[in-house]
Amino acid sequence: MKGSRKKAVMVSCDVYKSDRRELMYLYVLEGEGLERVPAALMRTFGNPTFVLNVELTPDKALAKEDPKLVIEHLETQGYHLQMPPIEAL
C-alpha cells in the first residue's frame with residue numbers, strides 16, 4: 001500500500017554517567033534534565049556528569065543496551081538506567 005510506510009522513531013536524549021559506579025549511565029530525554037528520575041535512584045546514582053547527546057532509533061546499535069528498550073523507557077518513564085555489567089560489580 002502506497003504511503004503506508006511507518007516513520008522511524010527518533011528520540012534525542014542526553015546521557016549522564018554516575019560518579020559512584022563505573023559504567024552506570026542514565027539516559028534522559030533531551031532538554032528534560034533529570035527531573036523525572038526518582039529521588040531514591042538519584043541518591044544511589046550520585047552526582048551525574050553529562051557525557052553526550054545521542055539521537056536514538058530502534059535500529060541504531062548501542063554498545064551495551066537494546067535501543068528499542070531505551071526508547072521505550074524514555075517514552076514511558078522519562079529515563080533509562082544502564083547498569084554496569086555483572087562482572088564489573
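Remember, predicted model here, so these are calculated numbers, not experimental data.
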Inset, instruction - Could I get the full list of side chain to side chain contact (heavy atoms under 4.5 Å, CB included) partners for P48, not counting sequence neighbours? - result: Y16, L34, M42, F45
Legend entry - Spatial distance of atom CG (D66) from atom CD1 (I71) [nearest 0.5 Å]: 9.0 Å
Legend entry - Where C13 and L56 come nearest, the two heavy atoms and their spacing: SG-CD1, 3.7 Å
Inset, instruction - Looking only at non-hydrogen atoms, find the nearest pair between P67 and P58 and report the distance. - result: CG-O, 3.3 Å
Inset, instruction - Treat each ILVMFWY residue as a node, draw an edge where side-chain heavy atoms are under 4.5 Å apart, and state whether V70 and V51 are in one component. - result: yes
Inset, instruction - Give the cluster check for L69 versus V37: same hydrophobic cluster or not, with ILVMFWY residues linked at side-chain heavy-atom distances below 4.5 Å. - result: no
Inset, instruction - Look at the side chain of D19 and the backbone N and O of N47, then say whether any donor-acceptor pair between them is shorter than 3.5 Å. - result: yes
Legend entry - Test log, rule side chain to side chain contact (heavy atoms under 4.5 Å, CB included), inputs E30 and N53: CA-CA 7 Å; E30 179 182 35; N53 176 274; 3.3 Å; yes
Legend entry - K17 side chain near M24 side chain, heavy-atom distance below 4.5 Å: no
Inset, instruction - State, yes or no, whether a side-chain contact exists between K60 and V54 at a heavy-atom distance under 4.5 Å. - result: yes
Legend entry - With sequence neighbours excluded, residues passing salt bridge (Lys or Arg N to Asp or Glu O under 4.0 Å) with R20: none
Would you list the atom pairs, donor with acceptor, under 3.5 Å between side chains in residues 73-82 and any protein atom, with sequence neighbours excluded?
residue: H73; atom: ND1; partner: H80; partner atom: ND1; Å: 2.8
residue: T76; atom: OG1; partner: E72; partner atom: O; Å: 2.9
residue: Q77; atom: NE2; partner: Y79; partner atom: O; Å: 3.0
residue: H80; atom: NE2; partner: E65; partner atom: OE1; Å: 2.4
residue: Q82; atom: OE1; partner: Y27; partner atom: OH; Å: 2.9

